[in-house]
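Presented below is the structure to which this report refers.
None of these values were measured; they are calculated from a predicted model.
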Amino acid sequence: MRMAAKKKKTLGIMTGGGDCPGLNAVIRAVVKTALNDYGMDVIGFRDGYHGLVTGRAVRLRNDDVSGILARGGTILGTSNTHDPFRWAELNRGKLTYHDRSAKAAASCRRHKLSGLVIIGGDGTMASARKLSDMGLGIVGVPKTIDNDLAGTDKTFGFDTAVQTASDLIDKLRDTAQSHNRVMVVEVMGRYAGWLALTSGVAGGADVILLPEIPYDLAKIGEALKARARRGKRYSILVVAEGARPKGGTMTVARTEATSPDPIRLGGVGQALSGFIEKRFRLETRVTVLGHVQRGGSPLASDRVLCTRFGVKAAELAAAGTFGGMVALRGDDLIAVPLKQVAGKIRLVPEDHPLIAAARAVGTCFGD
Ligand code: F6P
């Protein structure tokens, strides 16, 4: 049995960046552990850094986190377009940027926070590191369906997004088979191919295109035609939104000026489909899986990971161990210094065993 802290402490919590399955499971674990094991109070900030800077916060009690383990989304709300250090304001139709980190620090002082748990991806962690450098007691928790955060073997939400994508690939296979078509399936993942690789292998994709392995259209054509010669007149091509041709660039769908990373990828699937139809005369359809990959109830494996991450984050905060991000290393949880995480992304190494396994079963990577 742990001893309750002598002087009552208050812990803050917020979710930042794009949402992902399991955010609520982490919030629940942090809140329950902080309240019940360490006798702390917990304050949740609304809509990520927006709430931290503008001071929109709510007290969290056991009842608030009861029954949310399996719920997608985040009860606190989130934002991927607010950064305390580059705060966008509209002045006479023109966007101007300001450092509002002092306001974020003031919010923490106002609530007498002894620590703040920040759940987010790389953009969120980059700002978390700067807040930590200002002297705030920060503990990070690694979230993203992209699985691209440095310092951890895995982010939570990834497994569920992989399952969602591979379930949808299964459905697309049915209709691809019936019509003898090439189905191009564009999945998220930003600059990393983890989601495309893992869901592609799980879905038995014939071609998988990753940002890490620039593709050659001719090689894709050879693979599709070789299948046709073997009597397989349909194919499944899974393409990461960040995939690009050899010597070419990624396809940008839009820019979000106020976002820490303004680039929004998208459209490579449509472009590929056009090339395949024109050049190889194969009937093709495109499905962009999009934000459906970020929703839904977390899988059991994510619920377990989220619970472990959340408990560990609360333990670190209660012990006053700040400046790190909870991370999975093998089966263990460790705290990685935020400075080792901020500003870095984890890409799929070209010699990753899953790429080798996929090649062994005949998957083409377009190279
Ligand atoms: O980082 C998560 C993610 O879903 C990426 O896979 C995707 O590129 C991006 O966010 C989409 O962002 P938005 O929600 O702004 O469209």
Side-chain angles (χ1 to χ4, degrees), residues 12-24 26-27 44-58 72-108 116-132 134 136 138 140-146 148-149 155-157 161 188-192 195 241-242 250-267 288 290-295 325 338 341-345:
I13 183 168
M14 55 157 274
T15 52
D19 66 346
C20 101
L23 285 165
N24 284 328
V26 177
I27 295 170
F45 291 96
R46 299 268 190 210
D47 304 333
Y49 286 127
H50 191 274
L52 186 66
V53 168
T54 58
R56 285 182 306 118
V58 59
T74 159
I75 58 165
L76 289 174
T78 190
S79 162
N80 64 2
T81 50
H82 292 94
D83 176 359
F85 296 89
R86 194 171 171 272
W87 193 260
E89 277 165 23
L90 200 57
N91 287 323
R92 293 198 192 105
K94 209 176 152 230
L95 274 178
T96 54
Y97 296 91
H98 310 269
D99 183 350
R100 296 286 181 242
S101 55
K103 284 191 155 203
S107 286
C108 295
L116 175 63
V117 173
I118 297 183
I119 308 166
D122 71 323
T124 307
M125 288 306 143
S127 302
R129 187 245 164 122
K130 293 190 209 159
L131 292 172
S132 171
M134 286 168 63
L136 299 183
I138 306 293
V141 180
K143 155 253 63 154
T144 170
I145 63 164
D146 305 334
D148 62 351
L149 258 177
T155 56
F156 74 84
M188 282 185 165
R190 249 174 21 139
Y191 310 118
L195 193 47
E241 61 182 357
M250 294 183 183
T251 314
V252 176
R254 55 191 281 161
T255 51
E256 291 288 348
T258 65
S259 186
D261 178 1
I263 304 293
R264 293 295 179 274
L265 297 170
V288 179
H291 292 79
V292 72
Q293 295 160 100
R294 296 224 303 245
M325 181 189 79
L338 280 165
V341 174
K344 297 187 184 125
I345 58 169

Criterion side-chain hydrogen bond (donor to acceptor under 3.5 Å, both in side chains) against Y191, the qualifying member of D261, D146, D148:
D261
Would you please test L131 and I118 for side chain to side chain contact (heavy atoms under 4.5 Å, CB included) and show each step?
CA-CA 10 Å; L131 292 172; I118 297 183; 4.1 Å; yes
From CG (L265) to OG1 (T251), nearest 0.5 Å:
8.0 Å
Assess the residue pair S127 and D83 against the criterion (side chain to side chain donor-acceptor pair (under 3.5 Å)); give the C-alpha distance rounded to whole Å, side-chain angles, the decisive distance to 0.1 Å, and a yes or no.
CA-CA 7 Å; S127 302; D83 176 359; 3.0 Å; yes
Minimal non-hydrogen separation, D19 against G73, with atom names:
OD2-CA, 4.2 Å
Do side-chain atoms of S101 reach the backbone of F85 as a donor and acceptor pair under 3.5 angstrom?
no
So, T78 side chain and G18 main chain: donor-acceptor pair closer than 3.5 Å or not?
no
Closest heavy-atom pair, R190 versus E241, reported as atoms and distance to 0.1 Å, is N-OE2, 2.7 Å
Indicate the ring-plane relationship of H50 and H82, choosing parallel, tilted or perpendicular according to the 30° and 60° boundaries.
perpendicular
Nearest-0.5 Å distance that lies between atom CE in M125 and atom CD1 in I345:
15.0 Å
Testing the basics here: between M14 and L76, what is the closest heavy-atom pair and its distance to 0.1 Å?
CA-CD1, 4.2 Å
What are the two closest non-hydrogen atoms of Y97 and A88, and how far apart are they?
CE2-CB, 3.6 Å
Just so I know, are the side chains of N80 and R264 near enough to count as touching, which here means a heavy-atom distance under 4.5 Å?
yes
Minimum side-chain heavy-atom gap C20-T144 below 4.5 Å
no
Atom of A342, atom of A126 and distance for their closest heavy-atom approach:
CB-CA, 3.8 Å
Are the side chain of S107 and the backbone of L52 linked by a donor-acceptor contact shorter than 3.5 Å?
yes
State whether the side chain of T15 and the backbone N or O of G77 hold a donor-acceptor pair below 3.5 Å, judged by distance alone.
yes
Is R129 close to V341 at the side-chain level, that is, under 4.5 Å between some pair of heavy atoms?
no
Is a donor on one side and an acceptor on the other found under 3.5 Å between the side chain of S79 and the backbone of G48?
no
Under 3.5 Å donor-acceptor, Q293 side chain and I145 backbone
no
Roughly how far, to the nearest 0.5 Å, is the CG atom of D47 from the OG1 atom of T54?
8.0 Å
Expected output: side-chain D122 to main-chain L149 donor-acceptor under 3.5 Å
no
Looking only at heavy atoms, the pair that brings K103 and V53 closest together is CB-O, 3.6 Å
Could you check whether D99 pairs with K130 (Lys NZ or Arg NE/NH1/NH2 to Asp/Glu carboxylate O, under 4.0 Å)?
no
Rounded to the nearest 0.5 Å, what's the gap from SG on C108 to CG on L136? Could you check?
5.0 Å
